> 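Dropping a structure here in structure tokens format, bear with me for questions.
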Amino acid sequence: MRLERRETVPLILVATAPLIAICAALLLAAGLIAAAGVNPLSAYAEMLRGALGSRLAVTEMLTRATPLILTGLAAAVAFRARLWNIGGEGQFYVGALATAWIGHTLGLPGPMGIAVLMVCGMSAGAVLLAGPAFLRLRFGVDEVVTTLLLNFIVILFVGLMIEGPLRDPLAFGWPQSVPVDTAYRLPDLVARTRLHIGLLLAIAAAGIVWLVLTRTVFGVETRAAGLNARAAAFAGVSLPRTIMGVALVSGALAGLAGAVEVMGVTGGVTTTMSPGFGYAGIVVAMLAALHPAGVVTAAVFVATVFVGADAMSRATGVPSFIADVIVALSLLSMLVALLFTTYRLRR
Amino acid sequence: MMDALELLTNTSLWAAVLRIGTPLIFGVLGALLCERAGVLNLGIEGIMTMGAMAGWLTVYMGGDLWLGLAVAAASGALMGVVHAGLTVPLGLSQHVSGLGITLFASALAYYLYRLIVEVGETPPAIVPFQPVDIPWLSDLPIVGPILFQQTAPTYVALIAVAVLAYGLARTPLGLALRMTGENPHAVEAQGLNPNALRIGAVVAGSALMGMGGAFLTMAAFNSFFPEMVQGRGWICIALVVFASWRPDKALVGALLFAFFDAYQLRLQTVVDGVPYQLFLMAPYVLSIVALILVARRAEVPEALMAPYRRGER
């Protein structure tokens, strides 16, 4: 039994790989649900009902999917160039922090202010990732650990700011930041729900990223650097410039996720506003096989699992952590599924 | 300023260094073993969480403390099997597989904990490892409290350092493992199986990581709560580079780091006006600084992260 490389990659396998991965994950998680004494099929039915069963449920799910699309894009762009950006969580928080900080006292008319704040969030995220990228390029320091450690540093920093300079005087001690000006809150997409136009912004971002990755020189260079950096260098691709460019784009996308979340959902920053959007974004990117269009679909799937698991937990008593288990298993299964798109088993 | 320096003379600080350093020692040794054989194991954070939960749960359900430690090691080893299975024979991305294991092991740990343990006001507690009482040595003036009043797992960690240092440097198995991380083709040429060696190293390393996590719930604290590993796993990955992949330097690195962590905690009591978050940030910032300092002359195992496929160049 050995693995043999395929000559061509059949598109149908790439398209069905995520589905197979998700099915495998759901199957394995079903075992854990059964261990809780609950029928997995009814549990999954509750999960679907909880995420898709009503107008409110669907809007909640899509609200949850919005930041996931953006962090998923961030991870996808970075991983394409083999820049292991695990710092999406931290970049999300600095984007949110920058938005709340500047958005509190900006003083520009609504739509202009929103645009400016989005740029602020993106810049904050980009700068944060630029650090580890620089350390990798200049000193050869692996970016996995530096981006990860920065997550912890950033969240502590956010706590520091919320308890200090950015404390909300009207919050009566509740740990949250000053709110962003109401003029800069994103309008609702569906009335009387939390779904805001940030969803459209995220989908538009996916479109833009796809265009950049497939139609620009930068995009092709990114791909080349990720596939074979040495060969790309011979072809004239400057690795330092490409990596830094990718880092700025990836960090900006994650920072934008934070900005959009502040302007669309929370209105300010708290230390718990992200239930792991950065890390989930990595799973989203992998499930999408690093393709921007797939990121949107994968984000919807992950959001469905998380939102649905809450409802399922209330209905059946299965701990809601099953959502994290399913998402993690999806990642691992997707890895294996992707392997079989490029290799086949031979006796 | 004087207060800050006076803290250094306090024996409880140095005792704390060994205590805080123990999970780090286990973690660094485990990561070092995996990487020396050529596999990066980013699952460490999740494996430590899983070990913490599994060990604690064993004791909570009536088991012996040592059984708990063994179960923690076994749970780590199990996760190691998964990671090894994905990265060694299948040759999948070690970064993504490791991250997946971290996410999976943590999620599984929280899920099983919530499933089995009643949720109450405060997390339930077990009776953890107590500091040992060695007849004559524990009563020595300064060295006594620091070196001879630690909990049992700390001594296990120190023994593990010695075993690994000797084993890697002086035994045939150690040589084979080191070779696997530098040049698996040479291992194959010797008639050994590099993939089997790698799998073994990853499983053993993950078992060590699991024990490191168990120390948190069975000696340092006495209950399990989410996010208790607090990034120590990632710090261990950084420390492996800092230790140049050597067990003796790993001990030094872990203790050095533990010193800064212990010191920072006590510094908070004597320094006014500085937000506590800055102190808590210090360990992570220091890890990054340590990485930058050693990155230039790091002697990375040559075959680290390169899957070995027989017959391929």
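In this text, all values refer to a predicted model and were calculated from it rather than measured experimentally. Just so it is clear: chains get the letters A, B, ... in the order the sequence lines come, proteins before strands, and each one is counted from 1.
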> How close do B/R114 and A/P319 get, counting heavy atoms only, and between which atoms?
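Shortest heavy-atom contact: CG-CB, 3.7 Å.
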> What part of B/Y113 gets within 4.5 angstrom of chain A, counting heavy atoms only: side chain, backbone, both, or neither?
neither
> Give, as side chain, backbone, both or neither, the part of B/L42 having an atom under 4.5 angstrom from any heavy atom of chain A.
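Just the side chain, heavy atoms under 4.5 Å.
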> I need the B/W234 CH2 to A/L150 CG distance, nearest 0.5 Å.
14.0 Å
> Pick one of side chain, backbone, both or neither for B/P89, based on which atoms fall under 4.5 Å of a heavy atom in chain A.
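Backbone of B/P89 only, per the 4.5 Å heavy-atom cut-off to chain A.
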> Which atoms form the tightest heavy-atom contact between B/Y111 and A/V325, and what is the distance?
CB-CG2, 4.2 Å
> Count the heavy atoms of every other residue, nucleotide or ligand shown that sit under 6.0 Å from CE of B/M305, and state whether that count exceeds 12.
yes
> When you compare the side chain of A/I282 with that of B/H95, does any pair of heavy atoms fall below 4.5 Å?
no
> Check B/L291, B/V241, B/I288 against A/V141 for a side chain to side chain contact (heavy atoms under 4.5 Å, CB included) and give me the one that passes.
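Testing A/V141 for a side chain to side chain contact (heavy atoms under 4.5 Å, CB included) against B/L291, B/V241, B/I288 leaves exactly one candidate, B/L291.
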> Kindly give the heavy-atom pair with the smallest separation between B/S93 and A/L335, and that separation in Å.
O-CD1, 4.4 Å
> What heavy-atom pair brings B/L115 and A/A36 nearest, and what distance separates the two atoms?
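For B/L115 and A/A36, the tightest heavy-atom pair comes out as CD1-CB, 3.3 Å.
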> Measure distances from A/L32 to the heavy atoms of chain B and classify the residue's part below 4.5 Å as side chain, backbone, both or neither.
both
> Is a side-chain donor or acceptor of B/Y110 paired with a backbone partner of A/D324 at a separation under 3.5 angstrom?
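No; judged by distance alone, with no hydrogens or angles, the pair does not exist.
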> Do B/M281 and A/L160 make a side-chain contact, defined as non-hydrogen atoms from C-beta onward lying under 4.5 Å apart?
yes
> Would you please classify the geometry between the A/F152 ring and the B/Y284 ring as parallel, tilted or perpendicular, with 30° and 60° separating the classes?
parallel
